[in-house]
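Structure first, commentary second.
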Amino acid sequence: MGKLLRVCAALLSATAGVAASVATSWGASPVVFFTDLTSGPKSGGQNNAGAFVTIYGRNFGAARGSSSVTIGGGVAAAYPIWTDTKIAIQLGAAAATGNIVVTTPAGASNGAPFTVRSGHIYFVSTNGNDRNSGKYNSSWQTLTHARDTMQPGDITYAMNGVAQIVDDGSGWQTSLLLSSGGTAAAPMAFVAYPEASATIGSATGPPSGVRTAPRGGSYPNYWVFAGFTLRGQVAAMALWGSTGWRIIANDFSCPNGNGTGACMGAVESSSLAFYGNNVHDTGIATASALYHGVYFGTDSNHLEIGWNTVANVHGCRGIQIHSSPQSGEPASGQNQYDIKVHDNTIHDTQCDGIILDTIDPSKGPISIYNNVIYNAGEGPNNPEQTGGWSCIYVPASTERGAKGSGVVDIFNNTLYACGTFTSPPYGSANAAIVYGGGNSAIYLRIRNNIVYQTTTSLYRSGVPYLVIWNPATRAVCADTGNCSWIQGSNNLFYGSGAAPRNGNIADSVNANPQFVNLSQGNFQLQSNSPARTKGIDIGAFELPPDGMALKASN
């Protein structure tokens with residue numbers, strides 16, 4: 001939608017529909033989304049060529065050919081992986097502090113910042129020995145020994161088959177407890193070796209796979225976890241009081257999860273990057289409404305949640321942001337801020353796809369964009385018979401402290417079949433987007449979204465596009481009312497009758513968006529889609545990953 005969006009849609013068509021021809025003809029320039037490591041040594045490790053770094057993006061080409069990667073202008077020493085969406089390099093002696101850039105015959109990519117620094121590189125393998133040096137040809141055997149030996153700046157690569165699935169004996173009922181960490185300039189990292197499969201935690205073992213706990217009043221900050229299979233009976237990863245973590249391209253699953261928490265959870269943890277992870281099959285069939293797929297809670301700020309898949313969530317929400325006061329901490333539970341949720345695919349969730357609850361945009365921007373969310377809020381009821389049934393829900397409530405104010409930006413999302421649960425415990429809880437009316441000083445700005453709703457036995461004319469609770473009267477605003485808590489323009493609404501007739505929502509389109517193949521989950525736009533020409537240019541923003549070719553509105 002709009003000039004910028006037409007360009008993005010064309011890129012999506014190229015990468016999703018004819019990936020092979022792109023690799024052959026190099027018709028599109030490469031795009032880098034993120035890397036697992038953002039710093040590391042250029043010497044030591046395998047062949048004394050330094051750290052391995054994995055780059056995620058698109059249009060790299062199916063094979064390397066004459067393409068290359070430079071780090072601060074120096075060409076990488078080795079390329080153990082090269083696909084159209086993922087490259088693994090080894091830094092090598094020529095690497096320098098600067099941008100990582102992928103160059104193909106189609107041109108050079110954007111740059112991803114990288115710092116060359118000192119640090120040790122270690123390896124863990126199934127045939128190693130914890131009495132060894134930890135070097136490539138003298139590897140350790142256990143991740144727990146690596147954890148106990150590493151210092152700030154160190155990186156440990158887990159080779160194929162490495163597994164830490166039993167209780168580590170720390171007394172915290174976890175497979176891998178961390179109680180010390182790195183620094184902003186010298187983070188510590190556990191990374192799966194290129195093309196290796198390594199596992200931490202078990203769905204039938206300890207309650208937590210990876211867990212943090214303080215030691216001597218100090219919390220384990222600045223860690224990187226990348227490329228692992230993470231499991232837990234309740235939580236595959238549970239962070240407490242941790243700052244500066246990068247959680248990259250891991251596979252999370254907690255099929256036996258229940259109770260209060262999430263398969264990926266964080267409390268009082270800030271400055272987190274959660275990129276490219278696959279969170280799936282979480283919660284038992286009768287899981288509590290307090291159990292979620294991903295949960296960033298209590299006083300967790302400066303969050304970026306991007307390029308992930310969250311799917312098949314039992315209990316309640318796919319992604320939840322909510323700050324709850326902690327027992328014995330009278331100042332805890334303040335509203336959260338500086339949060340970006342973007343470029344995710346979220347589907348098949350029992351309750352809402354995304355809920356951003358206790359927030360204060362005046363302290364730091366809050367935005368939800370470039371996401372594809374479908375089959376969210378599909379039920380059934382959880383044991384507590386509570387929850388919301390939508391793709392995006394912003395209650396705008398406050399648990400403790402001053403109320404927030406400002407705008408929550410919701411743009412360039414594709415929302416399909418939201419809130420289809422046919423037996424909700426209370427009314428007006430099913431919709432594509434819901435404003436909860438908890439605070440009249442917060443409003444939602446919706447732009448360039450495609451909202452395609454379906455009929456159910458409960459909503460034979462289609463599940464509502466929007467539900468707006470009036471914070472003064474606690475009643476739902478009439479469709480023709482002047483409800484100012486959702487504003488915006490240039491959205492497409494289809495499947496549930498006419499577009500909302502709210503005077504604060506302008507230039508709506510009420511037409512079939514013409515997805516390429518809805519039955520197969522392909523939400524690309526056909527060439528004749530009305531969404532291609534009716535949007536508004538809202539400036540530059542992160543490009544969607546190749547796996548997001550489903551996205552209609554980008």
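Note that this is a predicted model, so its numbers are computed, not measured.
The ring-ring contact (aromatic ring centres under 6.0 Å, His included) check on His302 picks up Tyr337, with sequence neighbours excluded. Every side chain to side chain donor-acceptor pair (under 3.5 Å) that Ser288 has, sequence neighbours left out, goes to Glu384. Under the ring-ring contact (aromatic ring centres under 6.0 Å, His included) criterion, Tyr219 pairs with no residue, sequence neighbours left out. The side-chain contact (heavy atoms from CB on, under 4.5 Å) check on Ser323 picks up Thr298, Asp299, Gln336, Thr358, with sequence neighbours excluded. Looking at residues two or more places apart in sequence or on another chain, you find a ring-ring contact (aromatic ring centres under 6.0 Å, His included) between Tyr122 and His120, Trp140. Every ring-ring contact (aromatic ring centres under 6.0 Å, His included) that His347 has, sequence neighbours left out, goes to Tyr374. With sequence neighbours excluded, the residues that form a salt bridge (charged side-chain N to carboxylate O under 4.0 Å, His left out) with Arg231 are Asp251.
Between His322 and Ile355 there is no side-chain heavy-atom pair separated by less than 4.5 Å. Inter-residue side-chain proximity for Val31 and Asn110 is flagged as met; some heavy-atom pair is nearer than 4.5 Å. Side chains of Ile71 and Val53 form no contact here, defined as non-hydrogen atoms less than 4.5 Å apart. The shortest side-chain heavy-atom distance between Pro214 and Trp240 does not fall under the 4.5 Å cut-off. Taking the side chain as every heavy atom from C-beta outward, Val210 and Leu178 approach each other to under 4.5 Å. At a threshold of 4.5 Å between non-hydrogen side-chain atoms, the residues Ser66 and Pro105 count as touching. Between Thr212 and Trp223, the closest side-chain pair of non-hydrogen atoms is not below 4.5 Å. For the pair Val32 and Val102, the minimum side-chain heavy-atom distance is below 4.5 Å.
For Asn382 against Cys316, the heavy-atom pair with the smallest separation is ND2-SG, 4.2 Å. Among all heavy-atom pairs drawn from Pro41 and Ser118, the shortest one is CB-C, 4.4 Å. Contact detail for Leu37 and Ala189: the closest heavy-atom pair is CD2-CB, 3.9 Å. Contact detail for His314 and Gly283: the closest heavy-atom pair is CD2-O, 3.4 Å. Counting all heavy atoms, side chain and backbone alike, Asn250 lies closest to Ile247 at ND2-CG2, 3.5 Å. Contact between Val116 and Thr97 at its shortest, heavy atoms only, is N-OG1, 3.0 Å.
The main-chain N or O of Thr54 is found under 3.5 Å from a side-chain atom of Asp36 such that the two form a donor-acceptor pair. Between the side chain of Ser253 and the backbone N or O of His280 there is at least one donor-acceptor pair closer than 3.5 Å. Put simply, the side chain of Asn308 gets close to the backbone of Asn277: a donor and an acceptor are under 3.5 Å apart. In this structure a side-chain-to-backbone donor-acceptor pair under 3.5 Å is missing from Asn221 to Gly181. Remark: side-chain polar atoms of Gln164 are paired, donor with acceptor, to backbone N or O of Val166 under 3.5 angstrom. A donor-acceptor pair is defined here as one N or O able to donate and one able to accept, closer than 3.5 Å; such a pair exists between the side chain of Asn371 and the backbone of Asn344. The backbone N or O of Leu415 sits nowhere less than 3.5 Å from a side-chain atom of Asn413 that would complete a donor-acceptor pair. Between the side chain of Lys42 and the backbone N or O of Ala93 there is at least one donor-acceptor pair closer than 3.5 Å. For Gln90 (side chain) and Gly50 (main-chain N/O), a donor-acceptor pair under 3.5 Å exists by modelled atom type.
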Q: Dump the intermediate steps for ring-ring contact (aromatic ring centres under 6.0 Å, His included) on Phe33 and Tyr56, then the final yes or no.
A: CA-CA 6 Å; Phe33 299 136; Tyr56 296 86; 9.3 Å; no
Q: Determine, step by step, whether Ile284 and Tyr291 satisfy the side chain to side chain contact (heavy atoms under 4.5 Å, CB included) criterion, reporting the C-alpha distance in whole Å, the side-chain angles of both residues, the deciding distance to 0.1 Å, and the verdict.
A: CA-CA 10 Å; Ile284 61 174; Tyr291 190 76; over 6 Å; no
(Q) Walk me through whether Ser197 and Asn160 qualify under side chain to side chain contact (heavy atoms under 4.5 Å, CB included). (A) CA-CA 5 Å; Ser197 175; Asn160 194 54; 3.6 Å; yes
(Q) Determine whether Asp338 and Asn301 satisfy the following criterion, side chain to side chain donor-acceptor pair (under 3.5 Å), listing intermediate values before the conclusion. (A) CA-CA 6 Å; Asp338 187 18; Asn301 305 308; over 6 Å; no
**Q.** side chain to side chain contact (heavy atoms under 4.5 Å, CB included) assessment of Gln520 paired with Phe515
**A.** CA-CA 10 Å; Gln520 295 184 9; Phe515 296 135; over 6 Å; no
Q: Decide side chain to side chain contact (heavy atoms under 4.5 Å, CB included) for Leu176 and Phe225; before the verdict, give the C-alpha distance in whole Å, the side-chain angles of both, and the deciding distance to 0.1 Å.
A: CA-CA 12 Å; Leu176 187 66; Phe225 266 78; 4.1 Å; yes
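Checked against the 6.0 Å centroid threshold, Phe34 and Trp307 count as a close aromatic pair.
For residues 150-175, the ring pair (Phe, Tyr, Trp, His ring centres under 6.0 Å) pairs, not counting sequence neighbours, are Phe52-Tyr157, Phe123-Tyr157. Among residues at least two apart or in separate chains, salt bridge (charged side-chain N to carboxylate O under 4.0 Å, His left out) pairs with a member in residues 166-176 are Arg147-Asp168. For residues 126-139, no residue pair satisfies the salt bridge (charged side-chain N to carboxylate O under 4.0 Å, His left out) rule, not counting sequence neighbours. For the side chain to side chain donor-acceptor pair (under 3.5 Å) condition, no pair includes a residue of residues 260-273, sequence neighbours left out. Every pair passing disulfide (SG to SG under 2.5 Å) that includes a residue from residues 218-288 is listed here, sequence neighbours excluded: Cys254-Cys263.
In this structure, CH2 on Trp82 lies 4.5 Å from OG on Ser67, to the nearest 0.5 angstrom. Atom CZ of Arg64 and atom CD1 of Ile87 lie 9.5 Å apart (nearest 0.5 Å). Note that OG1 of Thr156 is 14.5 Å distant from OH of Tyr193, once rounded to the nearest 0.5 Å. To the nearest 0.5 Å, atom CZ of residue Arg317 and atom CD1 of residue Ile346 are 13.0 Å apart.
For the pairing with Phe252, the ring pair (Phe, Tyr, Trp, His ring centres under 6.0 Å) check across Phe274, Phe228, Tyr295 returns one residue only, Phe274. Exactly one residue among Leu356, Leu239, Ile339, Leu272 makes a side-chain contact (heavy atoms from CB on, under 4.5 Å) with Phe296. That residue is Leu272.
Within a 6.0 Å radius of CD in Gln173, no more than 12 heavy atoms belonging to other residues, nucleotides or ligands are found.
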